[in-house]
Amino acid sequence: MIALVDCNSFFCSCERVFQPKLLKKPVIVLSNNDGCVVARTDEAKALGIKMGVPYFQIKDFCQKNSVFVYSSNFALYGDMSRRVMRILSELAPEIEIYSIDEAFISLDGFSPKQISEHIHRIKETVEQETGIPVSIGVGSTKVLAKLANYRAKKNKLQTKGIVNLIELSESALDLILKEVSVGDIWGIGRKSAEKLQRLQVHTAYDLKLYDDKVIQKTLSITGRYIQEELRGNPCLDLETIPTPKKQIISSRSFGRGLFKLEDLKEAVANHVTTAAEKLRHQNSIAHSILVYIRTSPFKKGPQYYNSITMSLHSGSSVTNKLIKLAFAGLEKIYREGFEYKKAGIILMDIDDKAHTQLSFFNTHDSDKENLLMETLDSINHTEGESTLKFAACGTNQFWRMLSQMKSPQYSTRWSDLLQVNSSPE
DNA sequence: ATGCTCCTGCGAA
DNA sequence: CTAACGTTCGCAGGAGCAT
């Protein structure tokens with residue numbers, strides 16, 4: 001038995017915890033660079049604000065309807081997420097942290113009666129100790145738990161935020177599956193939903209009963225797993241230990257268009273810095289780095305996109321070495337005269353630092369370099385991020401993303417940020 | 001015929 | 001005030017190449 005715990009309108013709920021005046025009000029949170037809507041409260045949904053809409057398209061609408069708009073504040077959301085996950089870890093034997101606002105938990109060892117009781121306790125505890133409302137779905141597989149959660153969120157009033165499918169008979173469960181359209185199943189996106197429509201497969205129930213071979217052929221093995229999980233046969237394991245990343249990406253749109261190579265270099269140096277920090281954090285080294293730059297596909301004018309992959313003979317996790325390599329790549333793909341809107345890097349071919357193979361060339365990270373990185377990381381950890389950084393990262397950084405909602409509310413939020421650090425527990 | 005790497009498509013939050 | 005559309009990850013399978 002598996003439960004999926006999902007925080008309601010997570011980013012908005014985080015803002016509400018520190019600003020009770022937002023309760024019962026329409027609130028939205030924007031993506032990086034104040035680009036698109038990524039979180040909405042029920043009140044905002046009721047106004048018809050869609051997920052993923054570019055903010056500039058609805059800015060006037062929000063003003064007219066007194067919608068509270070926030071730039072994303074990931075330091076806050078990350079902190080709230082850790083609190084929620086810690087409580088879940090204490091109340092469940094096994095947990096898979098699936099995303100910033102979601103976790104699967106195993107309910108093995110509980111009787112059906114106990115499960116229902118326990119789920120209610122989990123919900124109450126999280127809400128009481130963090131102020132974040134959650135919805136919980138329970139099923140015999142991950143896909144069914146997801147589906148249950150989806151219904152819990154959709155009908156919060158009737159369900160009180162909890163849907164438990166395991167007490168249901170097969171036929172009662174099928175009645176529910178008939179109400180779920182295939183596109184709403186976890187793992188079935190837009191393209192797969194279209195393919196299924198063509199097969200006259202419209203609901204979760206249709207998919208559950210459809211011919212195995214045909215599903216395998218049209219949706220590949222992943223589609224088959226989903227089908228099997230709908231039937232109650234687990235195919236997807238609970239991944240309780242986080243596996244190290246196979247690639248680490250850092251990319252961002254700029255606050256304004258950039259033309260000059262030196263500005264792009266600064267941005268790239270910053271990307272390498274954050275990615276390399278993550279790399280060292282999981283005790284890995286990378287053997288190649290991909291650099292890319294691009295113009296805005298949404299703005300008319302000459303378009304340019306290019307990327308290049310640079311390799312190291314033996315891997316590295318030393319920031320300055322990686323920056324140097326990234327610069328060499330950037331200089332190869334840079335073309336003058338374009339208005340660049342985004343740059344990014346990907347660390348690839350990642351291996352565990354310990355079992356790194358000796359190479360013929362003596363290009364490994366030296367003890368000295370490793371010690372330098374350790375020291376740098378430890379200083380930034382205790383003194384705050386980017387206390388110490390490479391000059392290549394620049395000091396001005398005028399190209400940084402926009403995240404200044406100029407509303408009066410926003411300018412008064414320094415105290416809120418301070419509250420986050422001194423946890424009220 | 002088989003095995004490898006690279007790239008693309010898709011889905012998730 | 002301007003101009004104005006996000007980021008990060010994994011997996012499957014086909015393409016292309018080598019053996």
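Everything numeric here is computed off the predicted structure, so don't read it as measured data. Lettering of chains follows the sequences in order, A, B, ..., and the numbering in each one begins at 1.
- Rounded to a whole Å, the CE atom of Met348(A) is 14 Å from the P atom of dT5(B).
- Distances shorter than 4.0 Å separate none of the side-chain N or O atoms of Arg256(A) from OP1 or OP2 on dA4(C).
- Phosphate contact (OP1/OP2 of dG6(C), side-chain N/O of Ser251(A), threshold under 4.0 Å): absent.
- Going from atom CZ of Phe74(A) over to atom C1' of dT7(C) covers 8 Å, rounded to whole Å.
- Using modelled atom types and a 3.5 Å distance limit, the side chains of Glu339(A) and Tyr304(A) yield no donor-acceptor pair.
- Residue Lys24(A) qualifies as open at atom NZ: its count of foreign heavy atoms under 6.0 Å is 12 or below.
- Within 6.0 Å of atom OH in Tyr225(A), 12 or fewer heavy atoms from other residues, nucleotides or ligands are found, so the atom counts as exposed in its surroundings.
- Ring orientation note: the planes of Tyr340(A) and Tyr334(A) are tilted relative to one another, at an angle of 30° to 60°.
- Look at CE on Met80(A): it is 21 Å from P on dA13(B), rounded to the nearest Å.
- Between the side chains of Lys156(A) and Asn8(A), not a single donor N or O lies within less than 3.5 Å of an accepting N or O.
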Hey, what are the protein-to-nucleotides 9-12 of chain B N/O distances that come in under 3.5 Å?
{"from": "dG11(B)", "atom 1": "OP1", "to": "Gly189(A)", "atom 2": "N", "distance (Å)": "3.1"}
{"from": "dG11(B)", "atom 1": "OP1", "to": "Ser192(A)", "atom 2": "N", "distance (Å)": "2.7"}
{"from": "dG11(B)", "atom 1": "OP1", "to": "Ser192(A)", "atom 2": "OG", "distance (Å)": "2.4"}
{"from": "dG11(B)", "atom 1": "OP2", "to": "Arg190(A)", "atom 2": "N", "distance (Å)": "3.4"}
{"from": "dG11(B)", "atom 1": "OP2", "to": "Lys191(A)", "atom 2": "N", "distance (Å)": "3.2"}
{"from": "dG11(B)", "atom 1": "O5'", "to": "Gly189(A)", "atom 2": "N", "distance (Å)": "3.4"}
{"from": "dA12(B)", "atom 1": "OP1", "to": "Gly187(A)", "atom 2": "N", "distance (Å)": "2.5"}
{"from": "dA12(B)", "atom 1": "OP1", "to": "Ile188(A)", "atom 2": "N", "distance (Å)": "3.3"}

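- Looking at Ile248(A), Ile323(A), Val272(A) one by one, the single match for side-chain contact (heavy atoms from CB on, under 4.5 Å) with Ile345(A) turns out to be Val272(A).
- Per the geometry, CD belonging to Gln282(A) stands 15 Å off P belonging to dT8(C), to the nearest Å.
- Closest to the Asp101(A) side chain, of the nucleotides dA4(C), dG6(C), dA13(B), is dA13(B).
- A salt bridge between Lys178(A) and Asp174(A) is absent, with no side-chain N of the basic residue lying under 4.0 Å from a carboxylate O of the acidic one.
- Nearest-nucleotide assignment on DNA chain C puts the 5′-proximal partner with Gln57(A), out of Gln57(A) and His271(A).
- Across the C1' atoms, dG6(C) and dA12(B) are found 14 Å apart, a figure rounded to whole Å.
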Quick one: which protein N/O atoms are closer than 3.5 Å to N/O atoms of nucleotides 9-12 of chain C? Pair and distance per line, please.
{"from": "dC9(C)", "atom 1": "OP2", "to": "Ile249(A)", "atom 2": "N", "distance (Å)": "2.4"}
{"from": "dC9(C)", "atom 1": "OP2", "to": "Ile249(A)", "atom 2": "O", "distance (Å)": "3.2"}
{"from": "dG10(C)", "atom 1": "OP1", "to": "Lys246(A)", "atom 2": "N", "distance (Å)": "3.3"}
{"from": "dC11(C)", "atom 1": "OP2", "to": "Lys246(A)", "atom 2": "NZ", "distance (Å)": "2.8"}

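- Glu339(A) places its CD atom 11 Å from the P atom of dC5(C), with the value rounded to the nearest Å.
- A sub-4.0 Å separation between OP1 or OP2 of dT7(C) and a side-chain N or O of Lys342(A) is present.
- Whole-Å rounding puts the Tyr55(A) OH to dC5(C) P distance at 14 Å.
- When each of Arg280(A), His381(A), Lys389(A) is paired with Leu376(A), the side-chain contact (heavy atoms from CB on, under 4.5 Å) condition holds for Arg280(A) and for no other.
- Atom P of nucleotide dC5(C) and atom NZ of Lys299(A) are separated by 9 Å, given to the nearest angstrom.
- Glu102(A) has its side chain out of reach of Cys7(A): every pair of non-hydrogen atoms, C-beta onward, lies at least 4.5 Å apart.
- Distance Leu290(A) CG to dC6(B) C1': 12 Å, rounded to the nearest Å.
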